[in-house]
Amino acid sequence: MTDLRREFEQAAEDIQQLGQRPDNDTLLKLYALYKQGSEGNVHSEQPGFFDFVGTAKYEAWAQLRDTPEDEAMQRYIDLVRELLS
């Protein structure tokens with residue numbers, strides 16, 4: 001396991017210690033960066049029109065299409081550190 005992968009997994013654990021819930025835009029960024037860093041490009045079908053939360057998550061992740069996984073992991077780590085400081 002690479003150092004970046006370890007830091008990424010640690011950041012995913014650390015974000016659980018956040019005292020205050022981030023705003024929805026920040027939550028979507030965290031979700032999208034995590035998914036891109038852990039799974040790569042979005043590979044599922046877009047949720048139905050009335051699944052507002054699922055659609056927002058899908059679109060946030062899809063915006064990161066072709067972002068290298070290492071870059072997404074580092075951006076996720078940086079965002080978690082910013083939120084925890």
Side-chain angles (χ1 to χ4, degrees):
M1 181 181 300
T2 66
D3 289 341
L4 181 61
R5 175 71 60 186
R6 272 192 282 275
E7 284 184 65
F8 179 69
E9 290 177 3
Q10 185 62 52
E13 290 178 24
D14 291 347
I15 197 65
Q16 303 300 319
Q17 308 306 318
L18 195 60
Q20 186 176 8
R21 184 180 187 271
D23 61 78
N24 288 338
D25 287 339
T26 303
L27 287 173
L28 283 173
K29 286 179 194 173
L30 286 166
Y31 173 82
L33 288 169
Y34 182 82
K35 293 295 271 186
Q36 187 70 20
S38 61
E39 296 183 31
N41 288 337
V42 65
H43 46 76
S44 59
E45 290 186 26
Q46 186 167 0
F49 178 75
F50 292 106
D51 181 358
F52 302 116
V53 173
T55 298
K57 287 179 171 182
Y58 179 91
E59 289 175 356
W61 185 8
Q63 287 178 358
L64 295 176
R65 184 179 312 277
D66 297 329
T67 300
E69 289 181 27
D70 288 351
E71 180 183 335
M73 283 192 274
Q74 187 60 58
R75 288 173 54 191
Y76 179 84
I77 293 164
D78 293 343
L79 181 54
V80 169
R81 286 179 180 161
E82 180 183 324
L83 291 170
L84 291 172
S85 63

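Keep in mind that what you see is a predicted model, and the values were worked out from it rather than measured.
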Measuring from atom [atom1] of [X] to atom [atom2] of [Y], what distance do you get when rounded to the nearest 0.5 angstrom?
X	Y	atom1	atom2	result
Met73	Leu4	CE	CG	4.5 Å
Leu83	Arg21	CG	CZ	12.5 Å
Ile77	Leu79	CD1	CG	11.0 Å
Leu18	Leu30	CG	CG	8.5 Å

What I'd like to find out is whether the side chain of Phe8 reaches to under 4.5 Å of the side chain of Ser38, using heavy atoms alone.
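In short, these two side chains touch, coming nearer than 4.5 Å.
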Residue pair Arg75 / Leu64, side-chain heavy-atom distance below 4.5 Å:
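Side-chain contact under 4.5 Å: yes.
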Any Lys/Arg nitrogen of Asp3 or Arg6 sitting under 4.0 Å from an Asp/Glu carboxylate oxygen of the other?
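Here Asp3 pairs with Arg6 in a salt bridge, since their nearest N and O are under 4.0 Å apart.
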Going by an N to O cut-off under 4.0 Å, is there a salt bridge joining Lys35 and Glu69?
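No.
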Starting from Tyr31, can I reach Ile15 by hopping between I/L/V/M/F/W/Y residues whose side chains sit under 4.5 Å apart?
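They do not share one cluster, since no chain of ILVMFWY contacts under 4.5 Å joins Ile15 to Tyr31.
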Distance-minimising heavy-atom pair for Ala12 and Tyr76:
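Shortest heavy-atom contact: CA-OH, 3.5 Å.
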Do you know the tightest heavy-atom contact between Asp51 and Gly54?
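In this case the closest contact between Asp51 and Gly54 is OD1-N, 2.9 Å.
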Donor-acceptor contact below 3.5 Å, side chain Thr55 vs main chain Gly48
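Yes; judged by distance alone, with no hydrogens or angles, the pair exists.
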Test side-chain hydrogen bond (donor to acceptor under 3.5 Å, both in side chains) applied to Asp70 and Gln74, step by step:
CA-CA 6 Å; Asp70 288 351; Gln74 187 60 58; over 6 Å; no
Verdict with reasoning, Arg81 to Glu7, per side-chain contact (heavy atoms from CB on, under 4.5 Å)
CA-CA 11 Å; Arg81 286 179 180 161; Glu7 284 184 65; 2.7 Å; yes
Under the criterion side-chain hydrogen bond (donor to acceptor under 3.5 Å, both in side chains), which of Asn41, Thr67, Asp66 is the partner of Gln36?
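Between Gln36 and the candidates, side-chain hydrogen bond (donor to acceptor under 3.5 Å, both in side chains) is satisfied uniquely by Asn41.
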Would you find more than 12 non-hydrogen atoms of other residues, nucleotides or ligands less than 6.0 Å from Tyr58 atom OH?
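Yes, the 6.0 Å shell around OH holds more than 12 heavy atoms from other groups.
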Kindly determine whether Gln46 and Glu59 satisfy side-chain contact (heavy atoms from CB on, under 4.5 Å), including the steps that lead there.
CA-CA 8 Å; Gln46 186 167 0; Glu59 289 175 356; 3.4 Å; yes
Please work out whether the ring planes of Trp61 and His43 are parallel, tilted or perpendicular, with thresholds of 30° and 60°.
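Ring orientation of Trp61 relative to His43: perpendicular.
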